[in-house]
There are 2 protein chains.
Amino acid sequence: MPAVATREQIVAAADRLFYHHGYEHTSFADIAGAVGLSRGNFYYHFKSKDAILDAVIDARLAATRRMLEQWEAEAPTPAGRIMRYVEIVLTNRADIQDYGCPVGTLTTELAKLEHAMLGQAGRLFTLFREWLREQFILLGHAEQADELAMHVLAFSQGVAVMANAFHDEAFIRREVDRMRQWLHTYER
Amino acid sequence: MPAVATREQIVAAADRLFYHHGYEHTSFADIAGAVGLSRGNFYYHFKSKDAILDAVIDARLAATRRMLEQWEAEAPTPAGRIMRYVEIVLTNRADIQDYGCPVGTLTTELAKLEHAMLGQAGRLFTLFREWLREQFILLGHAEQADELAMHVLAFSQGVAVMANAFHDEAFIRREVDRMRQWLHTYER
DNA sequence: ATGGCTCTAGGTCAATCGTCCTACGAGGGG
DNA sequence: CCCCTCGTAGGACGATTGACCTAGAGCCAT
């Protein structure tokens, strides 16, 4: 098997395990077991656990960019695109109830570990932030676009934490509806 | 030294360390070092690490109840009391920027660890939820009091995650102001 | 002072962690 | 056929983890 396929398998398994059980709680043995490799063989593909985390973050950044591009292709209006982001807490409801937001929980964990890769993880947030900011500019609110983007981000993080804590689907739907109404007041 | 004082010292140190570095990332040696005790002696006071977590959660529950009682004594109106909760993200701004919300981050971590004490940690959220619900009932919104309480909780969690990720004080102040205006629309 | 209780120190345990090393098998090009 | 590289397996390392044990110091009551 070519090395690139194995490497991608490792990144995919690590991505899933980091999300489900956290970075620190995921061991080399866990990832190796998920992929079906021996532990020791790992260092042929990644020289350290941090390197795997780095690759996982890069993969998430790339996947996020693809998702944003798809949203831009599918949703014609800026407001519709913003709603695609808002509705992600419904789209990924099952995972969020079980594991929270992949971006928020990773950033929170790395902050507590004082991990060197915290800044890299923050780029995931920044990617969404700047994309949302762009949508608000297109919506005609250039002067407060960044503040509105941050508000939408805070919404998603708050809903994710509460959904994870209480497993309440009706709550998620109510908050999405509230956000939809809020967004209407900013449509031209 | 009486055992009760040592026990309280252990709980206080564990509380702080769990908040700053997370539950799993905090070892017995860390707590023992913070208190100035030997590692082995630990099992005289707590038979397991879970028992310490249990005691920490109980201590947080008690401290939270005291705080809520103080808010009720200091703020005469329900709206004023709710604002005391909202403004906690400003009051504890420094800690939140560094470590996030103590309740939210603990719950998130325990969920990922599939820890048996997750339900206990959830009681911290429930305590705030029911207190906020009571305030909204007093405000004259009995029929949607719980939904409004959940919305306020989600606000605080969202702001905490974003404040931790971006260290942006102006953002926190904007969101608190936004919440103040929102609350005004619910005042009789 | 003697016995018993509270509290502590320090060592030990097996398990697991991330890391590293070496040996080996498969396979293609010379 | 040999050699070289790629990819893998599995063991070993030092450190650290949570957990447990025992010996004894301090003190109070009898």
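By convention in this document, chain letters (A, B, ...) are assigned in the order of the sequence lines, proteins followed by strands, and residues within each chain are numbered from 1.
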Quick one: do A:E109 and A:K112 make a salt bridge, cutoff under 4.0 Å?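 No salt bridge links A:E109 with A:K112.
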
Distance (rounded to the nearest 0.5 Å) between A:I10 CD1 and A:L37 CG: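 It comes to 5.5 Å.
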
Looking at CG of A:L106 and CG of A:L118, how far apart are the two atoms once the value is rounded to the nearest 0.5 Å?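 Interatomic distance, A:L106 CG to A:L118 CG, rounded to 0.5 Å: 8.5 Å.
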
[X]: what forms a ring-ring contact (aromatic ring centres under 6.0 Å, His included) with it, not counting sequence neighbours?
{"X": "B:H21", "result": "none"}
{"X": "A:F28", "result": "A:F42, A:Y43"}
{"X": "A:F136", "result": "none"}
{"X": "A:Y186", "result": "A:H141, A:W182"}

Between B:F128 and B:Y85, does the ring centroid distance fall short of 6.0 Å?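 Yes; B:Y85 has its ring centre under 6.0 Å from that of B:F128.
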
Near DNA chain C, under 4.0 Å by heavy atom, which residues of residues 19-39 of chain A?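 Of all residues in residues 19-39 of chain A, the ones placing a heavy atom under 4.0 Å from DNA chain C are A:T26, A:S27, A:F28.
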
Does anything in residues 51-58 of chain A reach DNA chain C, meaning a heavy atom under 4.0 Å, and if so which residues?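 Those residues whose heavy atoms fall under 4.0 Å from DNA chain C, taken from residues 51-58 of chain A, amount to none.
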
Taking salt bridge (charged side-chain N to carboxylate O under 4.0 Å, His left out) as the cut-off, I'd like each qualifying pair that reaches into residues 67-96 of chain A, sequence neighbours left out, listed once.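 Found A:E74-A:R84, A:E87-A:R180, A:R93-A:E169.
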
Out of D:dT8, D:dA19, C:dT8, which has the shortest distance to the side chain of B:Y44?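 From the listed options, C:dT8 comes nearest.
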
Rounded interatomic separation in angstrom, taking [atom1] from [X] and [atom2] from [N]:
{"X": "B:R7", "N": "C:dT6", "atom1": "CZ", "atom2": "P", "value": "15 Å"}
{"X": "B:Q9", "N": "C:dC7", "atom1": "CD", "atom2": "P", "value": "13 Å"}
{"X": "A:F42", "N": "C:dC20", "atom1": "CZ", "atom2": "P", "value": "15 Å"}
{"X": "B:H45", "N": "D:dC20", "atom1": "NE2", "atom2": "C1'", "value": "15 Å"}

Can you pull every protein N or O that's under 3.5 Å from an N or O on nucleotides 21-23 of chain D?
| from | atom 1 | to | atom 2 | distance (Å) |
| --- | --- | --- | --- | --- |
| D:dC21 | N4 | B:G40 | O | 3.4 |

Ignoring hydrogens, what is the shortest heavy-atom contact between [X] and [Y]? Give both atom names and the distance.
{"X": "A:S156", "Y": "A:L153", "result": "OG-O, 2.7 Å"}
{"X": "A:L113", "Y": "B:H25", "result": "CD2-CG, 3.4 Å"}
{"X": "A:A14", "Y": "A:V56", "result": "CB-CG2, 3.8 Å"}

Show, in sequence, the C-alpha distance, side-chain angles and deciding distance for B:Y19 and B:D98, and conclude whether the side chain to side chain donor-acceptor pair (under 3.5 Å) test is met. CA-CA 10 Å; B:Y19 178 35; B:D98 286 344; over 6 Å; no

In chain order, what residues pass the salt bridge (charged side-chain N to carboxylate O under 4.0 Å, His left out) check against A:D146, with sequence neighbours excluded?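 A:D146 satisfies salt bridge (charged side-chain N to carboxylate O under 4.0 Å, His left out) with A:R129 once adjacent residues are dropped.
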
Mind checking what makes salt bridge (charged side-chain N to carboxylate O under 4.0 Å, His left out) contact with A:E130, not counting sequence neighbours?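 Listed in chain order: nothing, the list is empty.
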
Phosphate-side-chain proximity, B:T6 and C:dC7, N/O vs OP1/OP2 below 4.0 Å: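 No.
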
Would you call the rings of B:F18 and B:Y23 parallel, tilted or perpendicular, where under 30° means parallel and over 60° means perpendicular?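 The rings of B:F18 and B:Y23 stand perpendicular, inter-plane angle above 60°.
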
Let me test you: for the helix from C:dA1-D:dT30 to C:dG30-D:dC1, what is the angle between the axes at its two ends (five pairs each), rounded to 10 degrees?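 Nearest ten degrees gives 20° for this helix.
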
Can you list, in residue-number order, the parts of residues 112-119 of chain A that come under 4.0 Å of DNA chain D, counting heavy atoms only?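 Close to the strand, none.
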
